K.L.:
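One structure, pasted below without further comment.
Keep in mind that this is a model prediction, so the values were computed, not measured. Along the sequence shown, residues are numbered consecutively beginning with 1.
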Amino acid sequence: MSSRTRLSGNSKKFAFALAVVFILLMWQVAAWLLPDFLMPDVPTVIVRLFDEVQSENFRAALWGSLGRLGAGYGSAMLLGVGFGLVGAILFFFREVLKSAIIILQSIPSIAWVPLLLIVMGFGSLPIIVVVAIAAFFPAALSVMNATESVQQVHVSAARVMGASRWEMIKRVYLPAVMPELITGAQLAFGNAWRALISAEMLVGFGKGLGRSLSYAGETADMVGVMTNILAIAILAPLIDQLLLENLKHRVLRYQYV
């Protein structure tokens with residue numbers, strides 16, 4: 001009996017390509033069934049996207065979104081991992097934080113936008129905070145849950161050898177939680193990306209892919225709507241594969257031997 005549990009790299013790529021073809025096919029079928037002004041076909045949108053990529057407005061929107069994503073997601077990962085590791089050695093703090101996260105994560109991140117706009121005013125800062133809120137919860141929870149499964153014999157051995165709290169975090173807990181941390185980072189990225197686009201659509205400030213999508217909808221430009229949706233759909237897996245998946249393979253390379 002084969003013990004192989006993972007697909008090879010080529011099989012994964014083929015599966016991904018097959019999924020893309022299926023989605024595009026369903027889109028094209030919908031375009032054939034509906035009027036052009038409601039659902040533009042795939043070639044029309046791809047040509048429009050190619051033209052948009054070469055325009056200054058699109059590039060400004062793209063870099064605006066990526067800048068907010070980087071600031072919010074990066075802050076959330078630093079805080080989430082930091083709090084999660086501190087919870088490994090401060091058990092009462094971990095239970096308080098976990099309870100607070102369980103309560104707060106039930107609130108959609110986009111629901112914080114009106115409050116943040118009142119407190120912070122219009123600008124990029126409220127969007128960045130919304131992105132950080134969306135990404136913080138899965139990052140912190142994944143680390144805290146992983147620290148609970150660290151083998152007690154490793155913790156006891158480190159204490160016997162005189163390890164300080166900082167050394168316990170660095171030498172024992174951080175290596176042990178790395179697999180769950182990478183998975184949590186990927187979940188956090190998905191949350192952050194959706195929160196970013198939603199917040200940009202709602203706030204309607206500055207340049208961003210969410211703002212461009214919202215404007216296209218307001219002007220009944222369905223080709224523009226589908227172009228922005230296509231750009232958003234392409235960027236998310238591209239970032240995930242180029243950055244997070246490569247990071248996973250480097251950090252957890254022993255699992256892919």
K.L.:
For P114 and A111, work out which heavy atoms get closest and say how close.
P.N.:
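Closest heavy-atom pair between P114 and A111: CD-O, 3.4 Å.
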
K.L.:
Of all heavy-atom pairs between N228 and S212, which one has the smallest distance, and what is that distance?
P.N.:
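Nearest pair, atom of N228 first, then S212: OD1-CB, 3.3 Å.
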
K.L.:
Under 4.5 Å between side-chain heavy atoms, hopping through other hydrophobics if needed: is there a path connecting V203 to I128?
P.N.:
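Cluster IDs for V203 and I128 differ.
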
K.L.:
I want to check something: taking the side chain as every heavy atom from C-beta on, are I234 and L49 in contact at a cut-off of under 4.5 Å?
P.N.:
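The answer is yes; the side chains approach within 4.5 Å.
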
K.L.:
Is it the case that T227 and E52 place a side-chain donor and acceptor less than 3.5 Å from each other?
P.N.:
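No, no side-chain donor-acceptor pair sits under 3.5 Å.
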
K.L.:
Decide whether I197 and V53 are clustered together by the hydrophobic rule: side chain heavy atoms of Ile, Leu, Val, Met, Phe, Trp, Tyr closer than 4.5 Å, transitively.
P.N.:
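Hydrophobic grouping puts I197 with V53.
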
K.L.:
Mind checking whether M39 and V47 sit in one hydrophobic cluster, side chains of I, L, V, M, F, W, Y counted as touching below 4.5 Å?
P.N.:
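Different clusters.
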
K.L.:
Might you point out which heavy atoms bring G121 and P126 nearest each other, and give the distance in Å?
P.N.:
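For G121 and P126, the tightest heavy-atom pair comes out as O-CG, 3.1 Å.
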
K.L.:
Membership question, hydrophobic clusters at under 4.5 Å side-chain separation (ILVMFWY): are F136 and L78 in the same one?
P.N.:
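Not linked; separate clusters.
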
K.L.:
Kindly indicate, with the supporting measurements, whether the criterion side-chain contact (heavy atoms from CB on, under 4.5 Å) is fulfilled by W27 and V45.
P.N.:
CA-CA 11 Å; W27 174 3; V45 174; 3.5 Å; yes

K.L.:
Out of curiosity, I102 CD1 to F137 CZ, how far, rounded to the nearest 0.5 Å?
P.N.:
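It is 11.0 Å, given to the nearest 0.5 Å.
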
K.L.:
Under 6.0 Å from the CH2 atom of W193, do we count more than 12 heavy atoms belonging to anything else shown?
P.N.:
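More than 12 within 6.0 Å, yes.
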
K.L.:
Drop me the distance from S65's OG to L235's CG, to the nearest 0.5 angstrom.
P.N.:
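One gets 8.5 Å once the value is rounded to the nearest 0.5 Å.
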
K.L.:
Would you say the side-chain atoms of T219 pair up with the backbone N or O of A216, donor to acceptor, closer than 3.5 Å?
P.N.:
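The answer is yes, because a donor-acceptor pair under 3.5 Å joins these two groups.
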
K.L.:
Run the numbers on Y215 and E218 for side-chain contact (heavy atoms from CB on, under 4.5 Å), then give the verdict.
P.N.:
CA-CA 5 Å; Y215 180 77; E218 291 167 1; 4.2 Å; yes

K.L.:
Which pair of non-hydrogen atoms, one from V223 and one from R48, has the smallest distance, and what is that distance?
P.N.:
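For V223 versus R48, the nearest heavy atoms are CG1-NH1, 3.3 Å.
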
K.L.:
Just do the side-chain contact (heavy atoms from CB on, under 4.5 Å) check on M222 and D36 with the steps written out, would you?
P.N.:
CA-CA 9 Å; M222 286 307 298; D36 291 343; over 6 Å; no

K.L.:
Taking C-beta and beyond as the side chain, do D41 and W32 meet within less than 4.5 Å on heavy atoms?
P.N.:
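D41 does not reach W32 side chain to side chain.
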
K.L.:
Say you draw a straight line from CG of L25 to CG of L18; how long is it, rounded to the nearest 0.5 Å?
P.N.:
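Between L25 CG and L18 CG, I get 10.5 Å after rounding to 0.5 Å.
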
K.L.:
Might you point out which heavy atoms bring A139 and A76 nearest each other, and give the distance in Å?
P.N.:
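Closest heavy-atom pair between A139 and A76: CB-O, 4.4 Å.
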
K.L.:
From Q186 CD over to S142 OG, what is the distance, rounded to the nearest 0.5 angstrom?
P.N.:
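Between Q186 CD and S142 OG, I get 11.0 Å after rounding to 0.5 Å.
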
K.L.:
Please determine whether side chain to side chain donor-acceptor pair (under 3.5 Å) holds for the pair E200 and S214, giving the CA-CA distance in whole Å, both sets of side-chain angles, and the decisive distance to 0.1 Å.
P.N.:
CA-CA 8 Å; E200 286 182 343; S214 178; over 6 Å; no

K.L.:
Same cluster for W63 and Y73 if Ile/Leu/Val/Met/Phe/Trp/Tyr side chains link at under 4.5 Å?
P.N.:
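Yes, because W63 and Y73 connect within a single hydrophobic cluster, where side-chain heavy atoms sit under 4.5 Å apart.
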
K.L.:
Indicate yes or no: at least one non-hydrogen side-chain atom of I239 is less than 4.5 angstrom from one of L66.
P.N.:
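Result yes, sub-4.5 Å side-chain heavy-atom pair found.
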
K.L.:
Considering non-hydrogen atoms only, spot the tightest contact between M226 and P40 and give its length.
P.N.:
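Nearest heavy atoms, M226 then P40: CG-CG, 3.8 Å.
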
K.L.:
Under a 4.5 Å cut-off applied to non-hydrogen side-chain atoms, are L125 and V129 in contact?
P.N.:
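SC-SC contact between L125 and V129 confirmed.
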
K.L.:
Please lay out, stage by stage, how I101 and M144 fare under the test side-chain contact (heavy atoms from CB on, under 4.5 Å).
P.N.:
CA-CA 11 Å; I101 289 176; M144 282 190 291; 3.7 Å; yes

K.L.:
What's the separation between atom CG in L202 and atom CZ in R211, rounded to the nearest 0.5 Å?
P.N.:
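The distance works out to 11.0 Å.
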
K.L.:
Rounded at 0.5 Å granularity, tell me how far CE in M120 sits from CG in L115.
P.N.:
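Rounded to the nearest 0.5 Å, the CE-CG separation comes out at 8.0 Å.
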
